[in-house]
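Take a look at the structure below.
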Amino acid sequence: MTQLRDATRPVGVSAGGLGLLLAWLGGVAIAKLTGATPVVIVLAAGFVMFLGALFDGWLTIIRPEVGEIVLPHSSEQGTPVPLSAEIRAPRPGFIEICSVGAEVAHGWTRSSDFSGDAVFVHRGPVDHLRVRIRSAGLLGLIWWGRRADVLIERHLVAPARQDRPIEIERAGTASDGDLTGAGGAISGAIDGVRPWQDGDSEKFVHWTSTLRAGELMVHDRRQNSDQQWVVRARSGTPDPDDEAGAARRAIEQGLHAGVSVLAAVDDAEPVGIGSIDDAVEWTALAPLGPAPTEQRSWRERFRRIEPDATATMSSRWWAAAATLISLWMLTGALSYSIFGHAIVALGVAAGAAVSARSLVTGEAPSTVVRTVVGLGALLGFAMVAAASGRLDGLLAVLRGPLPQVLLLLIVLHGFECRDRRTIRVGLGISAVVLMYASGLRVDGAIAWWLLAWAITFGIAMAKLAGPTRVLADRRPVGVEIPFRRWAVRTAGVGLATVATIAVLAVVPVPAGPSNLTLPTLIEDAEEVPSAGGIAGPDGSSRDADSASSQPDDRAPAGQAGGYTGFADTMDTSVRGDLSDEIVMRVRAPEPDYWRGQTFARFDGRRWYADEEVGVLQRGPTIDVPPSLGNFPLDDDVGVESFTQTYFLETDMPNVIFHASRPTQIIADTDVWTRPDGALRASTVLPEGSIYTVVSERARVDADQLRRQGLLGDRLNGLGRQLLDRYLDVPETTTPETIALADELAAGHESTYDVVRAYEAWMSDNVEYDLNAPLPDAGEDAVHDFLFDSQLGFCEQIASSLTIMLRTQGVPARLATGYVSGTRDQISGAFEVRASDAHAWVEVWFPGSGWQAFDPTAAVPLSADAEIESVGADLAAGIGDYIGDHPARVVLVLVGGLAALSVVRLGRIAAHRRRRGRWGSLQDRFAATAARRGASTVASNPVLAEAWTGADDEAVARLVAERLDRVVFDPSFADEDDVFTDTRKLVGTLRSNDR
Amino acid sequence: MNVDMDVTERATIEPQAADVPPEPARAASDVADLAARISESIGAVLAGREDATATSLACLFSGGHLLIEDIPGVGKTLLAQALAASVGGSFHRIQGTPDLLPGDVTGTMVPQGDGFELVFRAGPIFSNVVVFDELNRANPRTQSALLEATEEAAVTVDGRTRALPKPFLLVATQNPIEMTGTYPLGEGALDRFAAVVTPGRASADDEVAVLTGRRGRSVLAGVAPVVEIAAVESARGVVRDVYVADPIARYIVALLDATRQHPQVRLGASTRGGVALVGLAKARAAIDGRHYVVPDDVIALAPAALSHRVLVSGGSGSVDAGRAVVSECLHRVPPPTA
């Protein structure tokens, strides 16, 4: 055995690999544009798959060994001869055997050998062959190669016979000893007749046969050795092989005619040629000058790296499944109906069926199929074009016809996926679609979609690797071997998962702008009755009386999203019973407050929003004018763009939620931009609505706020005038309240510290309680909360803080909306529940604008928000899921194992059915013997020799004899007790081994 | 014409030793019993040649002919003689020389009596066991006459066909090394032998046994027939009825095909080789006491039955090269199992 000593090196990439790479890069772009975590997860998984593909091929051929190469003694240029070589490699690889730079044989190795036809290109002796082995492992993408020079017994490559004249010097002696020329007398015994050949004399023509056969026939004689030919081959001709071939034909003719033949190159001394073998040797070795060689370009070599271009049926169907999953993700995001989903599935399935059929038959689909598909495609494009006639703007195109055209093209491409390249490209496209769709989707099922797609994608890739036709493996079909393969593959998948999370651990949560994430989709929305007013999900107008302070009416809007804070007025003493239902998902790079409404005026119990409705802006792209207080920021305050996309999961009032300072809205509706900063859609927002808000966020931290000092002192007259509504302290505010505010604020150098002091006091002295008692009628709610009940919820806490700040001359207002909610680790979106409805305080700082403060919920300042990595997030998410649903996880694991077991048991059962009970027993016996080192290709008595212990040996012999009798003894009666006994014996042998 | 010049004729040994079973063999176990007796008897003469003995017995019971090919002085002739002596029946030994004529083997018409009537005088081939020493020294005409006679189990002289006695076993020997003055057997001639064995040199202990006279030619004279020749004929009947399952036949066909596909082989094994192999495997099964053939029978006898039938390129016609090819093919083709 010669080990292939050369270092293993990468030699190329399979066809379609570039497509996968482009898909990955496209994914990077999608991740940048959408900032969607699932895209990042898919990209990381793709990277791990690349690493796996890289190392798997390397592992396959890490230690291959090449044994003896067996060839016949000689061969002819261009004519195949059988070649066999012993190859030892863990898995099949592709072998190329070259001689003098030209490939002579190639093919897939089997477990221990390679045999195939060798065709030699160059004439001459061959004493060593270059063996190249390459493999791409399980995924079949990246090829690694090794090579070695193997010495062989000298093999002669003779030229192919050339049917053209060559210089022959003829001389002969007649029977009487006189030298005669080529046309000498007939001599020797006539053995028969044969067709005329070059060099024959006309004197040898056998006229009778010639007349009968219709062509020139001559006497054929074997014994006229008194004639002599000297065949002279010329060196330096343009094609020496051709010259050698012509010489070979002439020499063989001479030998055939019984002439004593000599051969020479040019004018050298002729040598005698005694036999056909001599002729082969002489023409193979004759030095006639160098033969023209043609170099294979590296491009061609690169292109031919993958030996099999054809795919299998199963790979085609798995690829179709992956495509369908990604398309369904897309159609789901585009709110297609069940009918639409079915049409897509039908198209993909039809494409797979048509192309899989042509995979089998090797023919292109019939004209009828092509016509039908073509017409269908035209119809589809026409429909898309007709629909797009009503569109205006890039945005509409982006979310309307573009995905539809993409969908149509993918389905069309499915009809032409007939080789590995196109199927791999198709898989790459499906990956892009998947990533695009996961940029659009934020639902909780996205993890399962990704999982399903990853599994089908992986299986399809694995099915596309390796030899197309699986060579018959002579290994006995034991029960153990598939299990080991399962174990190895499961371990591989587990390792890949861990590696993916590890890769993701260094990838930060993407913070890209999400303006390409299907920014808005609002359908079937009815107009709000009052212009600029607020309306509930049902379109009904909300007025001040919708919520009153009556103790028995605490839940004005029991439905989700019916938070009392989304109204023109808000009674601080009323809070609805809010469920845990998810009201919306928000995709945003970081948590923030999703503000819906601000309130400026307080009458002691109730907050009132500004009555100015602002300006109606036409959608879908709206630039939001600065609202009151949103003045230009200080130079030292960093500003970042912060894009949020809101996916409404339930019917909501016409409030456009937003974070911080909105600058742009992308919504399929018209929006009132109010001077108080609130945004109201002109239509109600039903479930399924999507809109995007781009905000500006000031990157502030505590020091920056502290530096701005005490705002009450800094505000000049103009400022006070502009912001007077945020400084207004209601008349009902009690002196105790003011005294407390003054006392707590004393000694602090900045408003920021004052706010912190108030918050600290509140956390020490009041308790958060959703069931706080209502203040008595006519009593100031702030006073009641601070001094009497000291129990309250966020509205009361926030109201108190606002009023206390206003007593210090600090502009402050109450804001209502939602806190960020919990982040879904897979989709990266924040899940906002009805119970996340919240009220908080906003304080105006001259340098950085409105800043949220919250004594109850801890939302960090924007600059302090920590950015976690996707991997940590994902691992936490998986951990949380397992922690939250242990039963479900166990169920899935058990179910998966059960499914695998069922598949395996089914295979074993099928195997049993095919092999019969004795056949299965035979396989068990052979597998057990093979574990003891017996050859897998052995008869039963030889297998029995694997056991050496006295008892075991006798048992093994008995088993071997019985197994032989089953097939070979006609008188063997297949009785159950004999079978049971034999099975027990095999069981004994197996258990003794352990 | 001096027929006796090259032919040593021995009187037919009368059988009927006391322990010879008089009844014919009816079942495989009877054949096993016969084979055990014969191999014990041969073992008393010949040291450590179990493989060759087993193949010889398989030939005896399958009705095929045996070629023993080895260097001189390793007991080729002794093996043949011990076999012949053990089975009883008539026995002739012919020494191959270039001037041996077909008539010397088959027999000729000779004038006899007062009227010089031509009567057939049977040649040495008319006996149950014929040992032909140095077959490749006989000229091709004699070789082919002999082989034709053995093939047809009959001799035709002067227009009359005379059947050879039953059972009939030809054991030929030849020396593969010394080639001068020989007429090497052609492929066709070789193909007529069911099996070729190469006994090989004995081990040191066995050689000591020979040198001290405990074994070897000196004890040959003391060998008495241990079976009746008629029992051999009935055993052949039993062997013919041994069952060959289809997978075994397919296995043999696959083996033959493998020799034809082998890159080093110029001419693969013939169908006749397959037939001979089936016969030998059947005989081995019966010798083992079985009435069915198992793959091991085929594996054990394939080298003997096939190696002289494959023509290895560059192997200069040696049986050893063929044996290497056949054992390689045995490794390549998986034997059938349940």
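None of these values were measured; they are calculated from a predicted model. Lettering follows sequence order; numbering is per chain, from 1.
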With a 6.0 Å cut-off (strictly less than), is the heavy-atom count around [atom1] of [X], excluding the residue itself, greater than 12?
X: B/Asp51; atom1: CG; answer: no
X: A/Arg957; atom1: CZ; answer: no
X: B/Arg260; atom1: CZ; answer: yes
X: A/Glu953; atom1: CD; answer: yes

Which distance, rounded to the nearest 0.5 Å, do you find between the OG of A/Ser971 and the OH of B/Tyr243?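 Between atom OG of A/Ser971 and atom OH of B/Tyr243 there are 10.5 Å.
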
What distance do B/Gln261 atom CD and A/Ser84 atom OG have between them, rounded to the nearest 0.5 Å?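 It is 11.5 Å, given to the nearest 0.5 Å.
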
Least distance between heavy atoms, B/Val293 atom then A/Phe968 atom: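 Here B/Val293 and A/Phe968 meet closest at O-CB, 3.1 Å.
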
So which of A/Val966, A/Val942, A/Leu963, A/Val70 has the largest heavy-atom pair count under 4.5 angstrom toward chain B?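 Between A/Val966, A/Val942, A/Leu963, A/Val70, the count favours A/Val70.
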
With chain A as the partner, which of B/Val294, B/Asp296, B/Ile299, B/Asp246 has the greatest number of non-hydrogen pairs under 4.5 Å?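 Heavy-atom pair counts peak at B/Asp296.
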
Side chains of A/Ser939 and B/Thr337: does their closest heavy-atom pair fall under 4.5 Å?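 No, their side chains stay 4.5 Å or more apart.
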
